[in-house]
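For reference, the structure discussed in these notes is given below.
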Amino acid sequence: MQPHTVNTAAVQILVAMFFVAVSGNAQTVQTLKPTPKTVAWGYYDAKAAPVLRVKSGDTVEVQTLITSTPKRLEDAGVAPGDVEQSLRDITTQVTDKGPGGHILTGPIYIEDAEIGDVLEVRIQKIRLAIPYAYNAFGAGRGYLPDDFPYSKMKIIPLDEKRMVAHYAPGIDIPLHPFFGSMGNAPPETAGRFNSAPPWIMGGNMDNKDLVAGTTLYLPVHAPGALFEVGDGHAGQGDGEVDITALETSLIGTFQFIVRKDMHLKWPRAETPTHYMTMGFNDDLNASATLAVREMIDFLTTEKHLSRDDAYMLSSVAADLHISEVVDGNKGVHMMIPKNIFVSVPAK
């Protein structure tokens, strides 16, 4: 039998065609960096001019800045050379501020996003942008203002290789980076909405479970959604009781998808292991009530349970977490594990 011979030229042509096809289908990742012209300092606003326009399905790498100023960081011990130049530029050049204190990158306009839709935000990657974070409390702020009627700020080194924060000798905190603030514009009637309290459009949710691999669902209240992101955290405890977390600068990769088939009143999310509902109100009990009612709605709508069964399942299988108690509107989120749904029920 004659050995089989390979047509080398034909193989080379097929390989070339394969790589052309792959590169043709490869998605371009746009980049958005913080500059004086690409940030919104302290607000979400339906009338804000977008700094980037993308299509549904597009992916954007967004860089965000630490929520502080160069002077405060240097006074706390950060070397001047370790302060990001973009933070210096924005601090000195941005005069249209407030009423909140967060430097948010955006807004990003997503084409075809209309009022009543839902913006699906796939948080693909999150990485550290600087090797330090800070934690601070201020006089009259935080959950225990009477106990700590003064201000203090602590610089905390971040070890990206080991993914820990060196809080103090003998204390290393595992890092779980996430963005404290991710949101769309509020309804136009809300005007320029303070970046501090979370609300129906998301915003400063300070939810430590919204890490890479999570999908966030945000109701759309303005044409284009006008997504903004910032308030990077290298980690945080549930509650964020002194009003700050491991505050730092982060770089996130997000894919935006307009969902015409979804209609939500409040933000929801899906982690690799759990479904999540949320509630925000200035009263903690009211926030918990919203989160539980949203879970019941999710279980009846998406898992086709009766309201009675949904309520009972929420009690025996779901967990309530206090996201934060220091941002005006307090946040509660409820999580139910995916692995309890062992089969797809009939509609």
Side-chain angles (χ1 to χ4, degrees), residues 28-69 84-123 129 179-205 216-232 249-260 267:
T28 301
V29 178
Q30 300 191 60
T31 301
L32 181 61
K33 295 182 178 295
T35 72
K37 295 183 179 180
T38 63
V39 298
W41 190 320
Y43 63 89
Y44 288 87
D45 190 349
K47 292 186 176 180
V51 301
L52 178 67
R53 288 177 177 263
V54 300
K55 296 180 180 179
S56 178
D58 284 353
T59 300
V60 184
E61 181 183 87
V62 185
Q63 185 169 340
T64 67
L65 287 175
I66 195 169
T67 300
S68 189
T69 64
E84 296 164 282
Q85 184 60 46
S86 53
L87 182 63
R88 296 188 186 277
D89 295 341
I90 289 167
T91 302
T92 57
Q93 297 178 34
V94 175
T95 57
D96 184 15
K97 302 178 183 179
H102 304 93
I103 300 174
L104 304 173
T105 308
I108 299 172
Y109 186 103
I110 296 87
E111 294 182 12
D112 297 326
E114 300 174 318
I115 296 173
D117 295 341
V118 167
L119 181 64
E120 178 179 324
V121 183
R122 297 181 180 178
I123 308 168
F179 294 93
S181 193
M182 295 181 285
N184 295 332
E188 186 175 338
T189 54
R192 179 172 283 195
F193 191 77
N194 192 322
S195 66
W199 196 35
I200 54 177
M201 78 299 178
N204 191 37
M205 297 175 286
L216 178 63
Y217 300 96
L218 296 170
V220 175
H221 296 283
L226 300 178
F227 178 84
E228 297 175 5
V229 59
D231 191 26
S249 299
L250 295 176
I251 301 171
T253 303
F254 306 90
Q255 184 181 25
F256 302 103
I257 300 172
V258 176
R259 296 291 300 269
K260 301 287 185 181

Which atoms form the tightest heavy-atom contact between [X] and [Y], and what is the distance?
X: Ser249; Y: Ile66; result: OG-N, 2.9 Å
X: Met201; Y: Ala185; result: CB-O, 3.7 Å
X: Val29; Y: Glu61; result: CG1-N, 3.9 Å
X: Leu226; Y: Ala222; result: CD1-CB, 4.5 Å
X: Asp45; Y: Pro186; result: N-CD, 3.8 Å
X: Pro267; Y: Ile200; result: CD-O, 3.5 Å

With sequence neighbours left out, the residues meeting side chain to side chain donor-acceptor pair (under 3.5 Å) with Glu114 are Lys260
Sorted by chain and residue number, the side chain to side chain donor-acceptor pair (under 3.5 Å) partners of Thr253 (sequence neighbours excluded) come out as none
Any side-chain heavy-atom pair of [X] and [Y] under 4.5 Å:
X: Thr31; Y: Val60; result: no
X: Phe256; Y: Ser56; result: no
X: Ser86; Y: Thr35; result: no
X: Ile108; Y: Val229; result: no
X: Thr64; Y: Asp231; result: no
X: Gln30; Y: Thr59; result: no
X: Ile90; Y: Leu65; result: yes
X: Val94; Y: Lys37; result: no

Can you tell me how far the [atom1] atom of [X] sits from the [atom2] atom of [Y], to the nearest 0.5 Å?
X: Leu119; Y: Met182; atom1: CG; atom2: CE; answer: 11.5 Å
X: Asn194; Y: His102; atom1: CG; atom2: NE2; answer: 8.5 Å
X: His221; Y: Ile115; atom1: NE2; atom2: CD1; answer: 9.0 Å

| Does Arg192 come within less than 4.0 Å of Asp96, counting only side-chain N to carboxylate O? | yes
Next on the checklist: For Lys33, I'd like to know if atom NZ has over 12 heavy atoms of other residues, nucleotides or ligands within 6.0 Å.
Outcome noted: no
Does a sphere of radius 6.0 Å around CD in Glu188 hold more than 12 heavy atoms from other residues, nucleotides or ligands, not counting ones at 6.0 Å or beyond?
-> no
Short side-chain to backbone donor-acceptor contact, [X] and [Y], under 3.5 Å:
X: Gln255; Y: Gly57; value: yes
X: Thr91; Y: Arg88; value: no
X: Thr105; Y: Gln63; value: yes

Between Leu218 and Val118, is the side chain to side chain contact (heavy atoms under 4.5 Å, CB included) condition met? List the steps. CA-CA 5 Å; Leu218 296 170; Val118 167; 5.8 Å; no
Is there a side chain to side chain contact (heavy atoms under 4.5 Å, CB included) between Leu87 and Ile103 once you walk through the steps?
CA-CA 9 Å; Leu87 182 63; Ile103 300 174; 3.7 Å; yes
Sorted by chain and residue number, the ring-ring contact (aromatic ring centres under 6.0 Å, His included) partners of Trp199 (sequence neighbours excluded) come out as Phe193
Residue set satisfying ring-ring contact (aromatic ring centres under 6.0 Å, His included) with Tyr44, at least two apart, ordered chain then number -> none
Taking distance alone, no hydrogens or angles, what donor-acceptor pairs closer than 3.5 Å link side-chain atoms of residues 46-55 to residues at least two apart or in another chain?
none

Taken in chain and number order and not counting sequence neighbours, the residues that satisfy salt bridge (Lys or Arg N to Asp or Glu O under 4.0 Å) with Glu84 are none
Phe179 and Phe254: aromatic ring centres closer than 6.0 Å? yes
